[in-house]
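Let me begin by presenting the structure, written as structure tokens, before commenting on it.
Both ligands and their constituent atoms are indexed starting at 1 by order of listing.
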Amino acid sequence: MVKKIDHIGIAVKDLAAAREFYEKVLGLKVTEEEIVEEQKVKVAFIPTGDSEVELLESTTPDGPIAKFIEKNGEGIQHIAFRVDNLEETLTRLKAKGIRLIDEKPRRGAGGAKIAFLHPKATFGTLVELCERD
Ligand code: ZN
């Protein structure tokens with residue numbers, strides 16, 4: 001079951017510039033910056049109390065984040081909910097006929113296990129489920 005909002009994913013063109021806004025203007029702190037090759041993104045995590053902001057910058061012009069920005073402009077790209085057992089959750093959703101982008105968990109930033117649900121199944125929002133140790 002869903003525990004809480006783990007993070008909100010925000011697509012940006014320039015991670016360094018966006019980081020500066022969150023750090024210098026909002027007074028938050030980036031705890032982790034990392035490249036996730038598999039998803040062609042550079043990400044920065046910014047804790048805000050019990051949840052985090054995940055800034056995402058594409059590492060290639062044809063990556064999913066670059067395509068998202070091309071279509072929608074910069075802004076909120078996905079919302080991630082924390083679950084206890086991702087594998088089990090995916091099995092349960094599949095049994096309910098919920099359309100999944102990832103049938104199996106894959107590795108996300110910060111060593112989390114993640115899977116995306118299809119926006120058609122979630123009333124328009126790209127939903128990520130994520131499990132952390
Ligand atoms: Zn995410």
Side-chain angles (χ1 to χ4, degrees):
M1 283 310 327
V2 169
K3 295 283 160 203
K4 62 172 190 170
I5 292 176
D6 186 84
H7 63 269
I8 293 169
I10 299 176
V12 298
K13 288 181 189 163
D14 182 343
L15 187 64
R19 225 188 120 141
E20 197 154 299
F21 168 76
Y22 283 91
E23 294 192 306
K24 300 237 166 84
V25 180
L26 297 187
L28 297 165
K29 253 203 152 43
V30 170
T31 49
E32 210 189 325
E33 201 173 288
E34 124 178 48
I35 288 176
V36 184
E37 291 292 350
E38 202 191 321
Q39 288 164 67
K40 300 176 179 170
V41 286
K42 182 156 82 175
V43 306
F45 276 99
I46 306 168
T48 55
D50 205 30
S51 300
E52 299 186 50
V53 168
E54 176 186 37
L55 298 176
L56 305 126
E57 179 197 297
S58 190
T59 55
T60 61
D62 64 335
I65 293 300
K67 283 186 191 146
F68 174 87
I69 290 174
E70 221 171 89
K71 208 172 147 202
N72 308 286
E74 295 177 292
I76 293 178
Q77 194 257 348
H78 67 270
I79 181 163
F81 294 110
R82 173 92 59 96
V83 297
D84 278 336
N85 188 330
L86 182 54
E87 196 111 17
E88 192 184 291
T89 305
L90 291 176
T91 304
R92 196 162 44 77
L93 293 179
K94 232 185 293 177
K96 286 187 170 155
I98 302 295
R99 200 161 150 198
L100 307 173
I101 292 176
D102 301 302
E103 304 255 320
K104 290 249 176 290
R106 57 183 159 110
R107 194 201 151 271
K113 281 195 245 173
I114 66 165
F116 286 95
L117 312 186
H118 199 282
K120 288 229 160 85
T122 62
F123 298 85
T125 302
L126 179 58
V127 169
E128 173 188 331
L129 298 176
C130 115
E131 178 188 338
R132 295 179 195 276
D133 298 327

Write down the atom of L117, the atom of L126, and the distance for their closest heavy-atom approach. O-CD1, 3.5 Å

If I compare all heavy atoms of L15 with all of V43, which pair ends up nearest, and what's the gap? CD2-C, 4.3 Å

In E128, which N, O or S atom comes closest to the Zn ion (ligand 1)? OE1

Would you name the N/O/S atom of E54 that lies closest to the Zn ion (ligand 1)? OE1

Specify whether an N/O/S atom of H78 falls short of 2.8 Å from the Zn ion (ligand 1). yes

Does a sphere of radius 6.0 Å around CD in E23 hold more than 12 heavy atoms from other residues, nucleotides or ligands, not counting ones at 6.0 Å or beyond? yes

Give the minimum heavy-atom separation between A109 and R132, together with the two atoms involved. O-NH1, 4.1 Å

